[in-house]
Amino acid sequence: MKLSRCIEDLTVLEHLGPKDKEINSVCFDSRLAAPSCLFVAQKGSRSDGHDYIPEVVAKGAAVIVCENLPREIHPEVTYIRTGNSNLALGLISAAWFSHPSRKLKLVGVTGTNGKTTIASLLYNTLKALGYKVGLLSTVCVRVDEQELPATHTTPDAYTINGLLSQMLAAGCEYAFMEVSSHAVDQERIAGLHFAGGIYTNLTHDHLDYHKTVEAYLRAKKSFFDRLPAEAFALTNADDKNGKVMLQNCRAAHYTYSCRSLADFRARLLETHSDGMQLDFDGREVHVRFIGKFNVSNLLAVYGTAVLLGMDAAEVLRIISTLRPVSGRLEFLNSPTGYTAIVDYAHTPDALKNVLQTLAQIRKQGKIISVVGAGGNRDKTKRPEMALEAVRASDTLILTSDNPRFEEPQAILDDMYAGVPAEVRKRVLSIVDRREAIRTACRLAGKGDYVLVAGKGHEDYQEIKGVKYPFDDKKIITEIFKELL
């Protein structure tokens, strides 16, 4: 592809060297540099791509896109200085793959909780309606029927555009993706054309990165500020920040609510152990989900499908057949009569929602919770998570999640600090996650609930930079057999 096409949307501050040349590849990782490539030098939290410019030039790079020109300028290399390399990578990646998002109906889902469930259920709904669909989620990536592993909630810009291009080649008409606050802030969605955006909620998370709730909110809002006028913006009117997302948003405004007037409304009529009876805009539907938060999630799915032109009655018929996403309030029944629940809840609000749901469906049984917090992430939410968990649990077991490069016991100490002195007798601290789950199962009797929270669909535990196999669901199933 000609360089001029690659940088057609770029704001160029300085251009040194040949104005146009043929580009064979685009990369931002110096290890992938090859002859005639275009290399984008990005400033990261751990390393700076500008430091690797001499290396990629030595490998035959044809073009360097950067924020700061290197001291040594090679006469045969083109140097393009821009104000934001992250933004440049997004715009260049979109052009490199011929703007696949413009040829799909791409819908982004943002918010602290519910992104994975909503994006995945939208994928399942439109598949059931007969469409070819793509999905970019925390759990997995789907190119119509093909499933690929997911590495991030929202991948880098080059990967996103490459996957959207694959979806287009596979005949997909629609694509749904989770849009994390990190991705917006780091311009990973730059150059993408969205047909719609969905906002779920904003609760305590990611303050290790954003530092303040205001900055976290601005990142979410930035996604809606960028939506084109022909798109739709669907926000949760039950969240206090739902209206904020629509301020200065050019897209058509729509709301959904379980409590107040909105464009799309739902009411919880009855809760059973195997599902709920709901009212969607005057139509009654039985769904295989439980929890008030899932009423909101399903309502977002319904509203989005209708805004995409689907028949409302047919959408509700499909919703009645859907099942929960892997690792999201997933029930495992033990042979001895208690129930284990695996859930991805890793924020105070998510824990509160899950535990409230269990309190609603239990009869006389106890709730035993196994809760951890990730290392090298927002430390301020740790005591809040423990507080929410102990408030709604008969017994709380604090344990490891993904400690990463932190000491597991230090993380547990941070969580324990949030437990009031008068209820600490109901709290155990067990660093080994398997042993913590085993202890919870040993304490459980017939009719009890064991909540194992934090990792959900993940099949590994990250310790000191190494990912060890660890799947909560498999571990629980093994423990069921051990304790027979």
Side-chain angles (χ1 to χ4, degrees), residues 107-122 125 176 178-179 194-205 213 217 220-221 223-225 227 231-271 275-313 315-320 322 324-325 328-329 347 349-350 352-354 356-357 360:
V107 176
V109 189
T110 195
T112 306
N113 302 314
K115 296 188 298 294
T116 300
T117 293
I118 292 171
S120 300
L121 295 183
L122 278 166
T125 298
F176 302 100
E178 296 183 47
V179 178
F194 287 91
I198 306 165
Y199 169 75
T200 62
N201 48 60
L202 190 139
T203 63
H204 191 156
D205 201 11
V213 174
L217 175 64
K220 298 290 186 188
K221 187 179 182 318
F223 168 58
F224 288 90
D225 291 346
L227 290 176
F232 66 82
L234 177 63
T235 66
N236 183 2
D238 296 333
D239 183 272
K240 64 181 181 180
N241 293 304
K243 291 182 180 179
V244 176
M245 297 296 149
L246 297 177
Q247 294 171 3
N248 305 317
C249 174
R250 294 173 296 162
H253 297 184
Y254 296 91
T255 57
Y256 65 96
S257 173
C258 300
R259 299 199 298 262
S260 59
L261 288 174
D263 296 291
F264 301 98
R265 297 185 65 193
R267 287 188 302 125
L268 172 59
L269 303 177
E270 295 177 10
T271 297
M276 298 180 289
Q277 192 73 16
L278 306 179
D279 179 294
F280 287 89
D281 290 335
R283 295 183 174 97
E284 284 196 26
V285 181
H286 183 272
V287 298
R288 300 175 183 181
F289 295 75
I290 59 172
K292 290 181 179 178
F293 61 97
N294 271 323
V295 180
S296 184
N297 290 338
L298 290 168
L299 181 56
V301 171
Y302 167 72
T304 302
V306 171
L307 289 173
L308 288 173
M310 306 299 139
D311 178 73
V315 170
L316 291 178
R317 183 187 69 78
I318 299 300
I319 284 177
S320 71
L322 298 176
V325 177
R328 269 61 177 177
L329 212 62
T347 67
D349 191 62
K352 179 181 179 180
N353 288 336
V354 171
Q356 283 181 343
T357 298
Q360 289 166 5

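Hydrogens, waters and symmetry mates play no part in the numbers below; they use all other heavy atoms, side chains included.
Once rounded to the nearest 0.5 Å, the distance linking CD of Glu284 with CZ of Arg267 reads 8.0 Å. Residue Asn297 holds its CG atom at 8.0 Å from CG of Asn201, rounded to the nearest 0.5 Å. The distance from atom CG of Asp311 to atom CG of Leu316, rounded to the nearest 0.5 Å, is 9.0 Å. For the atom pair OG of Ser320 and CD of Gln277, the computed distance is 10.0 Å after rounding to the nearest 0.5 Å. Between atom CZ of residue Phe176 and atom CG of residue Leu121 there is a gap of 11.0 Å, rounded to the nearest 0.5 Å.
For the pairing with Asp263, the side-chain contact (heavy atoms from CB on, under 4.5 Å) check across Leu234, Thr255, Thr235 returns one residue only, Thr255. With Arg328 as reference, Thr116 is the one residue of Asn294, Thr117, Thr116 to meet the side chain to side chain donor-acceptor pair (under 3.5 Å) rule.
Phe264 has its side chain within reach of Leu307: a pair of non-hydrogen atoms, C-beta onward, lies under 4.5 Å apart. Between Asn241 and Lys220, every side-chain heavy-atom pair lies at or beyond the 4.5 Å cut-off. Within the 4.5 Å cutoff, the side chain of Tyr302 has heavy atoms near those of the Ile319 side chain. Two residues are said to be in side-chain contact when any heavy atoms from C-beta on lie closer than 4.5 Å; Asn353 and Lys292 fail this criterion. Contact check for Pro324 versus Leu329: no side-chain heavy atoms found under the 4.5 Å cut-off. The shortest distance between side-chain heavy atoms of Leu298 and Phe280 falls below 4.5 Å. With contacts defined as side-chain heavy-atom distances shorter than 4.5 Å, the pair Phe289/Leu322 qualifies.
Of all the heavy atoms in Arg283 and Ala312, the pair that sits closest is NH1-CB, 3.8 Å. Minimum interatomic distance between Arg259 and Asp238 (heavy atoms only, all atoms of both residues): NH2-O, 2.9 Å. Nearest heavy-atom pair, Thr110 versus Val179, reported as atom, atom and distance to 0.1 Å: OG1-O, 2.8 Å. Across all non-hydrogen atoms, the minimal contact from Phe223 to Ile198 is CE2-N, 4.4 Å. Heavy atoms only, all atoms of each residue included: Ala300 and Tyr256 are closest at CB-CZ, 3.7 Å. Of all heavy-atom pairs between Ala262 and Arg265, the closest is O-CG, 3.7 Å.
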Discussion item. side-chain contact (heavy atoms from CB on, under 4.5 Å) for Leu217 and Met245? Distances and angles first, verdict last.
Written reply: CA-CA 9 Å; Leu217 175 64; Met245 297 296 149; 3.2 Å; yes
Fill in: Stepwise side-chain contact (heavy atoms from CB on, under 4.5 Å) check, Val301 with Thr125
CA-CA 8 Å; Val301 171; Thr125 298; 3.8 Å; yes
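Taking Arg317 as the reference, Glu314 meet the side-chain hydrogen bond (donor to acceptor under 3.5 Å, both in side chains) condition, with sequence neighbours excluded.
Within 6.0 Å of NZ in Lys352 there are 12 or fewer heavy atoms belonging to other residues, nucleotides or ligands.
No hydrogens or angles considered: nothing links the side chains of Asn236 and Thr200 as a donor-acceptor pair under 3.5 Å.
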